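Each remark here refers to the structure printed beneath this line.
What you see is a predicted model; the values in this text were computed from it and never measured. Per chain, numbering begins at 1; letters A, B, ... match sequence-line order.
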Number of protein chains: 2
Amino acid sequence: MVGQKIQRQTGVALWRQIADRIRTSISHGDFDETGMVPPETTLALQFGVNRHTIRSALGALAQEGIVRAVQGRGTLIERKERLSFPISKRTRFSQGIGDQVRETRSVLLASSEEPANAELSGQLKVDVGTKLVRLETLGQADHRPVSRATSWFPADRFGDIAEIYRTTGSITKAFRELGVPDYVRVVTEITATHADESDLSDLQLSPGAIVLVAQALNADLDDVPVQYSISRFAADRVRFTVEN
Amino acid sequence: MVGQKIQRQTGVALWRQIADRIRTSISHGDFDETGMVPPETTLALQFGVNRHTIRSALGALAQEGIVRAVQGRGTLIERKERLSFPISKRTRFSQGIGDQVRETRSVLLASSEEPANAELSGQLKVDVGTKLVRLETLGQADHRPVSRATSWFPADRFGDIAEIYRTTGSITKAFRELGVPDYVRVVTEITATHADESDLSDLQLSPGAIVLVAQALNADLDDVPVQYSISRFAADRVRFTVEN
DNA sequence: TATGGTTGTCTATATCAATAGACATTTAGA
DNA sequence: TCTAAATGTCTATTGATATAGACAACCATA
């Protein structure tokens with residue numbers, strides 16, 4: 001936490017920069033010994049800002065449920081979480097983080113049919129206009145939203161995937177029922193951007209937050225593409241891990 | 001670009017959010033037909049803000065050299081770039097993006113010796129206090145900074161790596177001279193955060209920008225760790241690609 | 001129970017961010 | 001050469017951001 005100064009006149013308010021930094025420190029375990037954030041006056045000195053600015057930052061973190069201020073005692077850390085999300089040939093949502101949380105869940109938000117546009121046809125190796133099934137899903141870990149994904153599947157093979165997914169909550173199981181016993185991750189593209197409006201509501205993020213965006217292509221064991229998906233993760237809740 | 005609304009009272013100024021969005025649209029090729037950004041009045045209408053706010057956003061992008069406003073004509077797009085950065089067993093800076101740009105270069109910013117702390121000793125599998133060489137490097141593509149990395153190497157094997165790297169500009173060549181003919185990427189951890197002060201200067205970023213952070217461990221062919229590094233990439237200039 | 005350390009609240013002031021409107025300047029094209 | 005469309009510049013006003021200082025309320029503990 002020490003060493004990095006904060007930026008003024010950047011379009012990003014000081015209290016937000018400081019809130020982000022403290023959140024990172026918490027998830028990094030910097031305050032584990034005491035279980036609480038340093039006093040406001042100390043933080044104000046460290047960051048070189050007024051105590052009121054620190055209070056704005058801590059207020060935002062309290063709003064997120066990460067800290068809780070107790071008058072006379074200090075500001076207690078309520079929650080610190082950053083899930084490690086492995087990316088490999090066998091990347092699946094639940095398996096990867098299963099040992100890090102008590103319960104993982106996947107929820108179907110919406111589904112529809114639509115024709116493949118240029119990008120989707122290129123990814124899934126189908127003709128432009130081919131019917132695709134689109135699923136909007138939400139990944140949860142211990143009842144907290146972690147990822148929000150849009151997936152496309154060729155409709156000829158997976159026309160019923162929405163219904164099966166709705167009942168099982170698992171892409172893997174849905175694939176199995178539809179004649180795909182196993183599948184592998186072909187490629188994952190990772191970028192980062194600021195959270196948009198739907199990120200804020202779906203992932204319960206605070207405005208200005210960062211999302212990691214993963215575009216992934218899955219194929220069956222014959223190397224035929226079966227799923228193309230764009231997933232958005234709360235950057236302060238997950239880290240991607242690539243093992244070779 | 002359509003559809004996503006911007007957020008008010010978030011600690012992130014509207015002009016900055018809009019600048020980020022326009023930058024993304026540009027790198028996505030949304031305005032390739034005209035080669036210029038839509039008129040300020042149009043953008044103001046689309047984003048639902050005052051024209052002056054749009055001007056602040058475009059001013060920031062002009063400062064970055066991404067657009068150039070010409071009175072009477074419009075705002076021209078000067079530059080759009082987003083490199084694809086593959087992550088695999090054989091991840092190297094220059095090879096991966098070599099076919100996307102004319103010239104890649106790696107520059108040594110600083111080097112020092114320091115003892116291993118708890119984290120470094122765990123990663124490199126050496127005792128706490130073991131002497132390490134630390135390199136601060138800057139990766140460039142076509143003379144534009146792309147990544148900024150801090151790397152640690154065990155000093156007993158790689159005590160002279162700074163000098164060799166300074167002359168060759170290549171970690172791979174430095175390893176080879178020091179008796180490591182080949183090395184592989186063991187694991188990469190990817191997170192995202194806001195740019196800090198040194199990111200701004202080293203990567204020539206505008207304040208509030210997002211950086212992708214990759215923590216990587218390389219090992220020699222005997223699986224002995226040889227390099228641990230933390231690299232920071234301008235999120236709007238690169239995307240990571242994981243191929244399985 | 002007295003004290004030091006902590007969070008909570010209040011007032012005041014200066015600067016940044018955003019809106020609103022008007023008008024000048026430049027360019028391209030009819 | 002006139003006109004429409006675009007950027008450039010200016011003034012004025014409002015709300016958010018940040019600083020400064022003072023004091024109240026609360027907690028743990030000596």
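Look at S56(B) and you won't find any side-chain N or O under 4.0 angstrom from OP1 or OP2 of dA17(C). Side-chain nitrogen and oxygen atoms of T75(B) include none within less than 4.0 Å of the OP1 or OP2 phosphate oxygen of dA6(D). Using a 4.0 Å cut-off, no side-chain N or O of R73(A) falls inside it from OP1 or OP2 of dT7(C). Dashed line: the shortest gap from a side-chain N or O of R55(A) to OP1 or OP2 of dG8(C) is under 4.0 Å.
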**Prompt:** Could you walk me through whether F240(B) and F233(B) pass the ring pair (Phe, Tyr, Trp, His ring centres under 6.0 Å) check?
**Reply:** CA-CA 10 Å; F240(B) 292 149; F233(B) 298 77; 5.0 Å; yes
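Applying the side-chain hydrogen bond (donor to acceptor under 3.5 Å, both in side chains) test between R232(B) and each of D202(B), D199(B), T193(B) identifies D199(B) as the sole match.
Counting heavy atoms from C-beta outward, Y228(B) and Q215(B) have side chains that approach closer than 4.5 Å. Looking at L212(B) and L212(A), their side chains come closer than 4.5 Å, going by heavy atoms from C-beta outward.
Closest contact between the side chain of W15(A) and the listed nucleotides dA20(C), dT17(D), dA18(C) involves dT17(D).
In terms of position on DNA chain D, the residue among Q71(B) and R51(A) whose nearest nucleotide sits closer to the 5' end is Q71(B).
At a cut-off of 3.5 angstrom, counting only N and O atoms as typed in the model, there is no donor on one side facing an acceptor on the other between the side-chain of E40(A) and the base of dT7(C). The base of dG21(D) is paired with the side chain of H52(A) by a donor and an acceptor separated by under 3.5 Å.
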